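Quick caveat: nothing in here was measured; it's all calculated off a predicted structure. Order of appearance sets the numbers: ligands from 1, and atoms from 1 within every ligand.
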Amino acid sequence: MECQDWPEPVIRVQALAQSGINKIPERFVKPESVRPVVHKKPPVDHHDDINIPLIDLKGLPEKEAARLVGEACREWGFFQVVNHGVREELMRKAREVWREFFMQPLEEKEKYANSPTTYEGYGSRLGVKKGAILDWSDYFFLHYTPLSLRNQAKWPSLPPSLRKVINEYGEEVVKLGGRILKLLSLNLGLQEDFLMKAFGGEEGVGACLRVNYYPSCPQPDLTLGLSSHSDPGGMTILLPDDHVSGLQVRRADDWITVKPVPGAFIINMGDQIQVLSNAIFKSIEHRVIVNSNKDRVSLAFFYNPKSDLLIQPAKELVTEDRPSLYPPMTFDEYRLYIRTKGPSGKSQVESLNNSSSSSSSSKSP
Ligand code: OGA
Ligand code: NI
C-alpha cells in the first residue's frame, strides 16, 4: 500500500459501500447545517423548475454566443451547453472506460494510489486534515496538459482503451475550453485572445481531469458526495453521469439540483476567472449529493491558467468605481493556500478579497 504518506489510513468509499453496511461511519456524517435536506421551506418557495441556463451553440453567430455565455456566467457562473463540438461517441466512451476502471477489484485500483504531494492517481478525499469529515466519493486525478506533465504511465492501463479514449477526449475538450475563453473575452469587451493569453496560451494551459466516483449510500441524507466548494482553477467542463443527477448549485440560500440534458456539458467558472474578470464572472459554490440506489460517475475537466503566471483583474476592468478586488497571485500560490483547507465553500477567493480590497493591483507592473 502506498498510502502511508497520508496523515491517517485512507478509506476507500466504494469498498465501504460494497461491504453491505446499512449505517455510514461517523466520519461521513455531516453536521446538520450542511446536510442535503436542511432547508425545509414551505413548498411556495420550491425551485423544482429552475435550472441553470442551457446554451445551444449550433449555428450561433459568435457575437450571440458570447452574449449568452457571458450572461450565464455573470448571472449563474454555470451553464449547460449542447452542440459544443465534442463528439457524443467520445463522451459516451469516456464515461464507460472510467466506469469500467472503478468496477475493477480494489487491488487493481490501489496500484495507482495517490499521495499528498502530487494528488495524481486514485484517491479518496480532498484535504489532508486529520480528523476531517469525509466525503462519500473516490476519484482519479490526472494531468493532461502541459505536455510535460502528461504521464500516461500514471493513467490506468485497464481497460485497455482508456488511455487512447482519454487522449482523444482531452483534445476535444481542450478545444472547447479555448472556444469558451474566447467568448468570455469578447463578452468582457476585451481582445478575443485576452483570457487565452492570461492563461499562458495554448501551450501554457494546465488541463487536468478529476474523475469522481460516488457509490450509492445507505444514508444519503446524512452525508455529501462532495462538500460545498468553488473550483479554484480557471473553468470546469463537467461531463455528468447520464442516468442520475447529483450536482447542486448554490442560489442564495437554496441548492438547485442540475438536471443534465442529454449530450450536454456542464460548465462553470472557477476562482481564477472570477479574479481575471474582477468578479464580473462568478465562481459559484456547488456540491454533490448521493442517493441510496445508484452510483454516479462524473468527469470534471479543469481548464486552468499556467500555474506560474500572475493572475489579477484585467486592467481594462479596473476603474475608479470598480477597484481591483484581488491582489496578483499565481495559481500555484493560490492552490497551496487552499489545499491546506480542503473544500470550504467560497471562503478562499472571498478571503483574498477581504484582505486586499484597498490594495489596488492596477499599478503593479
Ligand atoms: C468537482 C465537482 C461535480 C460533480 O469535481 O469539482 O464539482 O458533479 N464535481 O461531480
Ligand atoms: Ni467542483
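- Heavy atoms only, all atoms of each residue included: Ile256 and Asn51 are closest at CG2-CA, 4.5 Å.
- Cation-pi geometry between Arg150 and Trp155 is not satisfied (NZ or CZ under 6.0 Å from the ring centre, within 45° of the ring normal).
- Excluding water, every protein N/O/S atom under 2.8 Å from the Ni ion (ligand 2) is given here by residue and atom: His229 NE2, Asp231 OD1, His286 NE2.
- Using a 3.5 Å distance cut-off with no hydrogens or angles, the side chains of Lys30 and Ser227 do pair a donor with an acceptor.
- If you check the side chains of Ser157 and Tyr112, you find a donor sitting under 3.5 Å from an acceptor.
- Near ligand 1, Arg210, Asn212, Tyr214, Leu226, His229, Asp231, Leu238, Leu247, His286, Val288, Arg296, Ser298, Ala300, Phe302 each place a heavy atom less than 4.0 angstrom from the ligand.
- The structure places CZ of Arg210 at 5.5 Å from CG of Leu226, a figure rounded to the nearest 0.5 Å.
- Checked by atom type, the side-chain pair Asp138/Ser124 shows a donor-acceptor distance below 3.5 Å.
- Ser230 and Asp271 share a donor-acceptor pair across their side chains, judged by distance under 3.5 Å alone.
- Here the side chain of Trp136 pairs no donor or acceptor atom with the backbone of Val13 at under 3.5 angstrom.
- Taking all atoms of both residues into account, the shortest heavy-atom contact from Thr330 to Ser307 is CB-O, 3.4 Å.
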